[in-house]
Novice: 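Below is a structure I'd like to ask you about.
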Amino acid sequence: MNRRGPALALASALAWALALLTLAGVSQGAAPNDPFASSAGSWSQDYADQWALDSLRVYSDAASTFGSGQAEPSTIVAVIDTGVDYTHQDLAAARLWRNPREEDNGYDDDGNGFIDDLIGWNFVEGNNNPWDHSGHGTHIAGIIAACTDNGLGIAGVDGNARIMPLKVANFTGQARSSAVAAAIYYAVDQGARVINLSLGSELVTELEIAAAEYAADKDVLIVVSAGNRGLSTANSGYASLPGVLVVGASDPSGGRAGFSNFGDRLAVLAPGVEVLSLRAEDTDFVGLSDPLDYDEGAAFVGDKDAYYRASGTSFSAAMVSGLASRLLANRPTLDAAAVRRILEQSAIDVGEPGVDQLSGYGRVDYVRALAAAPEDFIHARLTGVELSLADETIWLAIEGRADAQRFASATLSVRAAPGSLPEPDPAAEKEAKKKKKKQGDKTSDPSPFEWQPYGEPISGPVSDGVLANLDLDTLTQLTGGASAWELKLIVADENGSTREARLSMALPAQALPGLEPEVEPEAGP
Amino acid sequence: MNCLRRARGHTAVTIIAALLLPLASPAAESDDQAAAWDQSIDVQLPPPTRTITLKPRTDAAEFTDRHGLDGARITPLGRSAGSLIEVPMDEEAWALAEQQLCGGGDVMSCGTAACQRIQFAASANPGGELTAEAIEARIVRNPPERVATADPSEAGGSCQGSPLVPPLEESAAAGTGQTPNLDLGLLDSGASRSGNAQGTTEARDAGTPDSSGATGSASISNSDSAVAANAADGTRASSTDAAASAEAELAGAEATSPAAPASKQSFAFDVSQAFNAVGGLDLGSDALPADTSDYTLVIGAGCSEVEIPLSAIEPARLPGIVLALVDATNVTPVANTYGLTVVRQIGLATTGENLVVYLTTQNVFTVIAAMALDARVTGAQPERVFETTAEFGTQTLQPVSSYSDPFAAMNYAPASTGALALHPEAAGSGQLIAVIDTGVDVAHPDLAGRVREPVDTSTFGYGPETHGTAVAGIIAAEADNAIGSYGVAPAAEILPIKACHPKSEGGLRARCTTSSLVQALDVAMTEGASIINMSLAGPPDDLLTRYVNLALDQDRLVVAGAGNGGAHAKPGFPAAIPGVLAVTAVDVANSLYANANRGSYIDIAAPGVDIVSTVPSGQYPPLSGTSMAAAHVSGIAALLRELGPLMSATEVGLVLKSNTRDLGETGTDENYGRGLVDACKAAAAATADAVSCSTGGTHASTL
């Protein structure tokens with residue numbers, strides 16, 4: 001289906017071959033018997049059909065038992081989306097939440113205002129039948145909780161989860177914001193512990209914000225997708241809702257997918273490229289986004305075209321919803337904040353070292369998440385820089401987070417961004433050295449492209465705010481006059497463990513004279 | 001469904017959809033089908049959704065009533081957070097409403113719903129996400145009528161084995177097994193309006209292989225400026241500047257721009273192409289869903305949508321089936337001549353005719369055209385599909401009183417029609433009412449003892465089923481036994497004829513055919529029914545019309561539901577046959593049932609929204625539809641026939657029509673016909689005031 005941008009396409013074969021080698025090291029000892037969980041190349045690709053399961057390590061030896069029986073308690077995961085094809089062979093009614101206080105009789109038995117809401121609700125048409133005319137919601141539901149170890153089709157990330165389908169989007173994939181808000185309230189009140197919210201646009205209304213606050217109050221984790229435009233928009237739309245966990249996409253090589261939106265609220269990455277899941281009857285939703293290079297039916301996989309592959313951060317969010325669901329099943333006493341912390345802290349760093357705008361804390365990993373202690377954390381995050389003018393000096397307020405369970409120290413350092421300075425003129429270089437020699441300065445000046453401490457170490461933890469106020473002159477001096485920099489934050493705890501965060505930034509050309517309030521954080525390629 | 005929200009005084013975009021059928025080779029077929037599909041429908045897109053959040057413990061239903069918020073939907077927002085009212089309203093009305101409603105009091109906040117959207121995967125076009133304002137149309141298969149549920153007592157839930165709910169019964173008609181849910185591209189208007197094939201081919205450069213001359217054209221055109229818009233996905237169609245501008249205009253008109261004029265928008269699309277576009281199926285025009293009753297045309301504009309049952313646009317028929325009237329001796333020779341297989345023969349007692357159901361592998365219309373010239377064949381036609389006209393109730397908040405006495409609160413109908421007040425005078429005794437429907441539960445305690453031996457003409461076998469039992473219950477459920485509901489004519493006798501078979505177990509949707517209905521009418525006539533209730537609707541059909549007319553000639557009153565196709569539907573038959581009493585449905589507040597057909601053929605209105613009746617499970621779910629309304633009128637007709645035994649069926653019909661409570665526009669109108677049926681007035685008229693009763697009186701005293 002080739003939904004990938006050109007950049008990603010270039011990265012493909014080699015990187016993925018490499019990924020296969022890496023992943024081969026992960027034992028499949030506990031693999032479920034669903035055929036797609038262990039097959040590869042079903043659409044002539046050179047990696048596993050359900051590569052995401054390997055990447056997440058949900059069925060590796062080190063992960064705990066799985067099963068579709070009653071071994072583990074079930075977490076209720078609300079899927080606020082286009083509905084669900086509940087007749088799918090690999091998503092039996094048993095995988096759906098069943099409202100225990102409602103009967104199929106035309107009356108509102110549980111008095112919640114919804115008549116016969118047996119498995120969820122259709123907020124589009126106002127009835128109890130959240131049927132999926134798009135296919136998107138079914139794909140998400142399958143990723144989270146497809147029937148697992150049933151010898152059929154795919155395995156879900158959490159084969160024990162119960163899906164609560166809340167249909168808010170019509171066949172074109174569009175939803176009234178009021179319906180989304182109402183669905184969040186419904187999910188929270190009916191006992192969902194995780195809400196998958198793979199939609200949103202720039203405009204967020206008060207209704208959704210209030211609903212997200214309600215969910216946070218009631219300890220329900222909302223997982224949202226970062227978006228698929230490859231732009232810095234992961235701070236807007238639903239990613240800006242209070243308390244939500246924002247998820248971007250990783251590809252089979254383990255790196256960030258080129259289409260994955262980024263920003264300072266991006267928390268983690270999860271597999272989101274060529275994700276195999278369930279196909280809702282009579283649907284083919286990839287055609288909706290860009291049919292030019294898509295032949296109808298090209299994304300169908302398997303017998304009876306019952307499965308479907310698609311890319312997008314929507315599906316990355318579903319992966320994380322599934323992981324969260326499994327974590328909660330394993331450790332029911334965790335609260336939403338702890339689940340979020342564990343997923344972030346145990347993520348595997350991707351791309352640039354440390355926490356950054358493009359990949360957040362990195363790629364989620366179930367084995368590491370299981371091993372993580374919920375209270376154990378080191379947060380390092382650089383979210384932005386604000387400029388101000390005082391005493392004829394331009395000050396930079398470095399904002400972010402430097403925190404740890406047992407905070408020891410935090411330091412900022414800086415270097416010139418690659419390519420931000422002209423290649424040094426050899427003659428001038430020589431001249432400068434001469435000058436230094438004359439002055440008796442024996443230490444050689446560090447290259448502006450090497451990390452140099454910037455400001456004093458940060459004395460105490462900062463959970464969300466200004467880490468340091470530093471002046472621009474120092475910065476330019478340190479970096480040989482560069483106007484684009486990379487900033488690094490290293491947070492250490494008393495055990496000597498550290499976490500690193502990075503932020504690329506540049507002065508906008510017009511910033512200095514008029515003193516624009518903000519430095520645009522710049523993110524990568 | 002709640003597809004068409006009506007709001008007062010808004011300026012919505014009107015869309016006219018013309019369905020163009022591909023020109024297939026046999027001339028007879030293409031003429032016949034193209035004529036059927038080439039038509040326009042007016043679609044009015046709803047204005048933006050406004051939201052009013054009410055404080056906790058505010059009675060939202062009371063609030064919407066008090067402020068006359070038509071078409072409002074109420075959704076609770078959690079246990080402690082109040083409730084949400086969503087109401088479609090244009091700028092002008094909203095400005096006014098905001099002033100009046102949003103200043104405090106019970107209201108927490110007011111706003112306009114934004115369109116959120118699924119973000120589809122990245123693509124060559126990073127902006128490949130759908131624009132909120134785009135308009136798209138699709139044909140989708142109807143979802144299963146009931147949701148799948150696991151046993152609530154089962155804690156973990158098992159995935160072994162097949163899903164609990166089997167997939168929808170395969171549509172025999174589509175003949176493909178795979179039916180698509182897809183978008184109908186909207187293209188340059190010039191090509192599509194003239195219905196030629198060129199537009200399509202250009203449009204679908206990378207599309208599926210075209211079947212027999214698929215004219216895949218679709219367009220939005222603005223009749224004022226003749227601009228064209230492309231499809232919502234923005235890529236299928238030609239990328240003319242005009243396309244963009246029309247889209248923008250649509251957006252403006254639909255959304256907020258006050259300057260945007262209310263302009264007529266028309267678009268056309270090709271259904272054959274639509275059904276080709278998924279799964280690489282190469283369907284001929286024969287493989288179009290001849291049985292359209294399983295599909296819905298959905299038009300989406302932003303996050304609003306309008307749904308139109310496909311059968312309301314194009315009549316359904318069973319593929320490969322030819323009905324013919326042929327003497328018994330000629331059945332086989334005729335089959336041999338045309339290469340047909342005899343499926344079954346139905347001897348019709350009332351006329352002595354022999355109705356033969358033939359199966360052909362050829363094009364149905366070609367065979368019929370040939371048979372028309374054959375002296376051995378009296379008449380030949382396709383086997384058309386009819387559907388029962390009811391759905392499960394859709395109200396989202398239940399009446400406050402329903403906890404203590406659910407059925408008294410819900411069963412408003414007999415009181416509102418005056419039937420209840422007539423019961424001391426007449427309860428329908430001596431009247432035999434044929435219920436041509438799905439199977440009636442003859443053992444139901446509410447009906448037991450007053451049900452004749454049932455007959456099956458559906459060929460699926462008789463059994464107790466939801467729709468038929470509900471209809472029979474409305475007509476004649478026992479009144480004095482304290483079991484849930486009571487009928488309009490609790491002393492009448494029911495002749496259950498199963499001509500329709502449910503599409504899913506326990507479901508209300510059922511399919512009947514020309515042959516099963518004709519046979520059912522024949523049975524009703526031979527058994528001597530004085531009233532024939534047909535709570536079903538479908539396309540015009542010669543053979544059915546003949547037998548309905550025969551029944552009318554025999555002084556039998558035929559009552560039919562107007563149809564549940566909504567405002568855009570074509571007339572529903574048999575209701576639209578002159579002489580048949582065509583009944584539309586209203587709710588407890590006498591407002592029109594949203595999915596009711598409209599038209600000049602509608603005679604009268606009766607309660608048909610959230611009606612409580614008997615169903616085989618022993619439960620009493622609220623049901624809605626013109627089916628329910630027709631049943632009420634049949635019951636009242638039984639009371640009148642008892643009171644005025646000398647009146648002819650035609651006279652009973654006339655008395656009912658001319659003694660109504662006017663609804664809607666003054667006088668007869670296309671929504672309510674003559675208005676709400678009034679048993680009291682009618683009885684007074686029928687008996688020259690020998691009977692008097694009043695409609696506003698006692699409520700459910702027999703319960």
Novice: Check the pair A/W131, B/V147 against side-chain contact (heavy atoms from CB on, under 4.5 Å), reporting the backbone distance first and the verdict last.
Specialist: CA-CA 8 Å; A/W131 183 256; B/V147 298; over 6 Å; no
Novice: So how far is it from B/M108 CE to A/E206 CD, rounded to the nearest 0.5 Å?
Specialist: 10.0 Å
Novice: For A/Y186, which atoms come within 4.5 Å of any heavy atom of chain B: side chain, backbone, both, or neither?
Specialist: neither
Novice: Please classify the contact between B/L84 and chain A as side chain, backbone, both or neither, with a heavy-atom cut-off of under 4.5 Å.
Specialist: side chain
Novice: Find the distance between CG (B/N142) and NE2 (A/H133) and round it off to the nearest 0.5 Å.
Specialist: 7.0 Å
Novice: Using a 4.5 Å cut-off on heavy atoms from C-beta on, say whether the side chain of A/Y185 contacts that of B/P76.
Specialist: no
Novice: Once you round to the nearest 0.5 Å, how far does OH of B/Y295 lie from CG of A/D282?
Specialist: 7.0 Å
Novice: Looking only at heavy atoms, which two atoms of A/A179 and B/E86 are closest? And how far apart?
Specialist: N-OE2, 3.9 Å
Novice: Would you mind checking which part of A/F123 comes under 4.5 Å of any heavy atom in chain B, side chain (CB onward), backbone (N, CA, C, O), both or neither?
Specialist: both
Novice: Select one option (side chain, backbone, both, neither) describing which atoms of A/S178 are under 4.5 Å from chain B's heavy atoms.
Specialist: both
Novice: Could you pull out the closest heavy-atom pair between A/A175 and B/C303, with the gap in Å?
Specialist: C-CB, 3.5 Å
Novice: Under the side-chain hydrogen bond (donor to acceptor under 3.5 Å, both in side chains) test, which residues partner A/S201, sequence neighbours left out?
Specialist: B/Q116
Novice: Please list, chain by chain and in numerical order, all residues satisfying side-chain contact (heavy atoms from CB on, under 4.5 Å) with A/A306, sequence neighbours excluded.
Specialist: A/H88, A/Q89
Novice: For A/I184, which atoms come within 4.5 Å of any heavy atom of chain B: side chain, backbone, both, or neither?
Specialist: neither
Novice: Would you check if A/S134 and B/I118 make a side-chain contact, meaning some heavy-atom pair closer than 4.5 Å?
Specialist: no
Novice: Might you point out which heavy atoms bring B/A114 and A/L203 nearest each other, and give the distance in Å?
Specialist: CB-CD2, 3.7 Å
